[in-house]
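Here is the structure we will look at, set down as structure tokens.
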Amino acid sequence: MFDAVPGALVEAPASVPAPEEGERVLAIRYLLRAEPSPGLLPRLLQPLAKRDLTPERFRAGREGAAMRVEIAVTIPEGMVHLVAGNLRSVVGVTRVEVEHGRVAGLIV
């Protein structure tokens, strides 16, 4: 269950990168489907690591012939589509969905 629904306020973690002036910080949940492979999970963490982001939650499980992965992270609004695009380009990823929530107290 995702803790941040659209418009919901959640506490911001201390590890959120500084947003641009006037930019909102969002609680994001990326939901992915991918072909299972031994190197899939580290490849999915790479787009976050190169932006100095640490996921709040990372869950993965195999469902038949596919992997279902959930990545929850709090990030500046401008990074949401960049990370989604990087996740879509990971070899084996067949679907990426993005869910948004709002984080309390972090509008600069």
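Hydrogens, waters and symmetry mates are skipped; everything else that's a heavy atom, side chains included, is used. For reference, positions follow the sequence shown, starting with 1.
Using a 4.0 Å cut-off between charged side-chain N and carboxylate O, Arg95 and Glu97 make a salt bridge.
The line from CD1 of Ile71 to CG of Leu31 is 9.5 Å long, rounded to the nearest 0.5 Å. A distance of 12.0 Å separates CG in Leu87 from CZ in Arg43, rounded to the nearest 0.5 Å.
Looking at heavy atoms from C-beta onward, Val98 lies out of side-chain contact with His81 at the 4.5 angstrom threshold. Looking at heavy atoms from C-beta onward, Val69 lies out of side-chain contact with Arg59 at the 4.5 angstrom threshold. The side-chain heavy atoms of Leu32 and Leu44, taken from C-beta on, include a pair separated by under 4.5 Å. Inter-residue side-chain proximity for Ile75 and Val25 is flagged as unmet; no heavy-atom pair is nearer than 4.5 Å. Considering only heavy atoms from C-beta on, Ile28 comes within 4.5 Å of His100 through its side chain. In this structure, Leu45 and Pro55 have side chains that are in contact, with non-hydrogen atoms separated by less than 4.5 Å.
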Between Val73 and Arg29, is a side chain to side chain contact (heavy atoms under 4.5 Å, CB included) present by the stated rule, with each step listed? CA-CA 6 Å; Val73 63; Arg29 185 169 73 159; over 6 Å; no
Kindly determine whether Met79 and Leu53 satisfy side chain to side chain contact (heavy atoms under 4.5 Å, CB included), including the steps that lead there. CA-CA 10 Å; Met79 287 187 187; Leu53 299 170; 4.1 Å; yes
So Ser37 and Met67, side chain to side chain contact (heavy atoms under 4.5 Å, CB included) or not? Walk me through it. CA-CA 9 Å; Ser37 71; Met67 291 288 293; over 6 Å; no
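For Pro36 against Ala66, the heavy-atom pair with the smallest separation is CD-CA, 3.9 Å.
Tracing side-chain contacts under 4.5 Å through hydrophobic residues (I, L, V, M, F, W, Y), one reaches Leu48 starting from Leu41; they form part of the same cluster.
Between the side chain of Tyr30 and the backbone N or O of Val80 there is at least one donor-acceptor pair closer than 3.5 Å. Here the side chain of Thr94 pairs a donor or acceptor atom with the backbone of Arg33 at under 3.5 angstrom.
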